[in-house]
Structure formats: structure tokens, C-alpha cells
Amino acid sequence: MHGVTIMYVIHDEDSKESAVVDPVEPKKILPYLRERGLSLKYILTTHSHADHAGGNSLLLQLLQADGAPKPQVCGGGSKVQSVSRLVSHNESLEPLGSAISIRCLHTPCHTQDHICYLVERPGHSPAVFTGDTLFIAGCGRFFEGSPEQMCANLLDTLGRLAPDTRVYCGHEYTRKNLQFAASVEPDNADVRAKLERCLASPDSPTIPSTIGEELLTNPFMRVGESAALQRCAGSSDPVKVMAALRKQKDSF
């Protein structure tokens, strides 16, 4: 799955209402919905890059041809393909069924229109769909933003979610991310243990992680607390550490 964009379907079993995150292979979505009797309420687009938003229009066409109701296409900016609902930070969507809530978290940096989606259901651990902002043991490149923005995303917006929140990201980059994490924080036993597990099962998926795990193993979420990372960057300022880490990772 390395490099391939991962899409996700969320659904409420009682009402059969569903949402799909970044449906980049739309021809696979319709049969999936049909087999389970699901109706699609939302297309949740994390950001405007074609490998995440590029299937929106075709999915709408396929649904229309099938006589299915038209879902809302949610996104953080007008560049999102076929967007019909522009969402903002902390905006809540109407739930799926009576119990599954969806909250939009604006996380600009990889793109300025980037949105993560926090999904909660009573009695279950929350889940956050992070696109290309937060990866397992890593983060997205700063194509349209700054180290300050990524610090705010990872330390505040996402880093303060409940520790048991499951992290579903847009790509499977975990092994290389953990190898980088081990290189910049070599004494981190949590990183070493997770890397060993991943290398021992190279064909097993690493997603989801949790926010709690990321706070222990993701160097980009540890810029404010890790002395090793601060020594590596030559600064104790989290923003400067973030910038230095991203520069190193870009050529790792």
C-alpha cells in the first residue's frame, strides 16, 4: 500500500447512512455501498490534491447513474473537486444516524484547505481521519504552509485529542517514518519497539495508530518535549525543531 492513497468508509449500521473519506477509486465504492445497503450522505475530502480529491466527480456521476441520492461533498476550500459544502474549523456535520458525530478540524500546512475529520460514537474510541497532515510516525510536507502551522496542527489541534483516538491517515509510510524517528531520537525505546514490530511483519498494515502512540513515537509531535530532537535541531523552540526535522526528513 506504500504511496497509494487510502480511502475509508464510515457507516451507521442502524440507519445505513455512510460517509466516504477521499474516494480516489470511486468504482470500488458503489459496489461496496450496494452490497451493504448503504446510502452515501457525505464525501469527506481531506484536501484538494488530486490523489485525494480526484475521484469526487466520478463518484457523483456513478451515484447519479445508479439513481442514488447526491451526497454533500465536504472540503476546506474551493479547489476541492466538486465541493458543495465548505467546512471550517470545529464545524460539526449532521450525524450519521443518531449516534455518529463528525467534526471538521482545519489543519493548514500541507495545503491551506486541509481538513481532518474527527468521528465519535458513544461507547467507542474516537477516530480521526488525517489525510496528509498526520501520518503514523510522520507528517506531510509543508507545501503551502509553515512550521508554525504544523506545530499548531500536531501539538494543539490533534495532539490534544483523547489518547485513545484512532489515527487513520492517507498513506502507509510508517516503516520509513519510524526509521527516520529512530535516527533522530535513537534512545526512544517506544520508537525502537514499534519499528521492530513493523519490520517483523512487513506485509501487515500499520494503520490505525492512536494519538497516545503518536505522542510517544512521532518525532513531529515530540518537538516540544524531546531533548534529543532539540539537540538535533540546535534549538529548544518547537517551531525551529519542527522546521529542522522536516528539512531532514525531506532528504532522508
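Computed over heavy atoms, backbone and side chain alike; hydrogens, waters and symmetry mates excluded.
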Approximate separation, where rounding is to 0.5 Å, of T206 OG1 and N177 CG: 9.0 Å
Test salt bridge (Lys or Arg N to Asp or Glu O under 4.0 Å) applied to D190 and K194, step by step: CA-CA 6 Å; D190 296 300; K194 190 164 185 175; over 6 Å; no
Pairwise distance CG(L118) to OG(S101) - rounded to 0.5 angstrom: 7.0 Å
Backbone N/O of L38 and side chain of Y32: donor-acceptor pair under 3.5 Å: no
From CA spacing to verdict: side chain to side chain contact (heavy atoms under 4.5 Å, CB included), V184, L229: CA-CA 6 Å; V184 292; L229 296 178; 3.5 Å; yes
Euclidean distance, M7 CE relative to H52 NE2, rounded to 0.5 Å: 12.5 Å
Side-chain H-bond candidate by donor/acceptor type, S48 with Q81, under 3.5 Å: no
Beyond-backbone contact of I43 with L60, side-chain heavy atoms, under 4.5 angstrom: yes
Pairwise side-chain contact, Y117 with I10, heavy-atom cut-off 4.5 Å (strictly under): no
Side-chain ion pair, R166 and E213, N-O less than 4.0 Å: no
H114 side chain to D132 side chain, donor-acceptor N/O pair below 3.5 angstrom: no
From CA spacing to verdict: side chain to side chain contact (heavy atoms under 4.5 Å, CB included), L195, L199: CA-CA 6 Å; L195 178 57; L199 294 177; 3.9 Å; yes
H49 and H110 aromatic ring geometry - parallel, tilted or perpendicular at 30°/60° bounds: perpendicular
Heavy atoms from other residues, nucleotides or ligands near NZ of K240 exceed 12 (cutoff 6.0 Å): no
Nearest-0.5 Å distance, CG of residue L161 to OG1 of residue T210: 11.0 Å
Nearest atoms (heavy-atom pairs only) where P23 meets I29: CB-CG1, 4.2 Å
Considering all heavy atoms, the nearest C198-T174 contact: SG-CG2, 4.2 Å
Side chain E214, main chain A137, donor-acceptor under 3.5 Å: yes
Note: D66-R34 ion pair, threshold 4.0 Å (strictly below): yes
Side-chain donor or acceptor of E148 paired with backbone N/O of V239 under 3.5 Å: no
4.5 Å side-chain heavy-atom contact, I211 and L215: yes
Whether N188 side chain and L216 backbone form a donor-acceptor pair below 3.5 Å: yes
Q149 side chain vs S146 backbone, donor-acceptor pair below 3.5 Å: yes
Side chains of F142 and C109 in contact at under 4.5 Å (non-hydrogen atoms): yes
Atom of R246, atom of F220 and distance for their closest heavy-atom approach: N-CE2, 3.7 Å
Under-4.0 Å salt bridge between E185 and R222: yes
Non-hydrogen atoms of F129 and A127 that approach each other most closely: CE1-CB, 4.1 Å
NZ/NE/NH1/NH2 to OD/OE distance under 4.0 Å, K79 and D113: no
Student check: side-chain heavy atoms of L134 and N218 closer than 4.5 Å: yes
side-chain hydrogen bond (donor to acceptor under 3.5 Å, both in side chains) between T107 and N153, intermediate numbers included: CA-CA 5 Å; T107 53; N153 294 338; 4.9 Å; no
Passing candidate, side chain to side chain donor-acceptor pair (under 3.5 Å) with D22, options T46, T5, T45: T46
Within 6.0 Å of CD in E225, more than 12 heavy atoms from elsewhere: yes
pair D250-R141: side-chain heavy atoms closer than 4.5 Å: yes
F135 and T130: CA distance, side-chain angles, deciding distance, side chain to side chain contact (heavy atoms under 4.5 Å, CB included) verdict: CA-CA 7 Å; F135 296 126; T130 58; 5.9 Å; no
Value rounded to 0.5 Å, distance of CG in L40 from CG in L30: 9.5 Å
ILVMFWY cluster, L44 and L33 together (side-chain gap under 4.5 Å): no
T157 and T133, any side-chain heavy atoms less than 4.5 Å apart: no
Donor-acceptor side-chain pairing of Q230 and S236 below 3.5 angstrom: no
Minimal non-hydrogen separation, C74 against V83, with atom names: C-CG2, 4.2 Å
S209 backbone acceptor or donor facing Y168 side chain under 3.5 Å: no
Over all atoms of both residues, closest heavy-atom pair of C116 and V128: CB-CG2, 4.2 Å
Backbone N/O of C104 and side chain of E91: donor-acceptor pair under 3.5 Å: no
Lys NZ or Arg CZ of R175 over Y173 ring: under 6.0 Å, within 45°: no
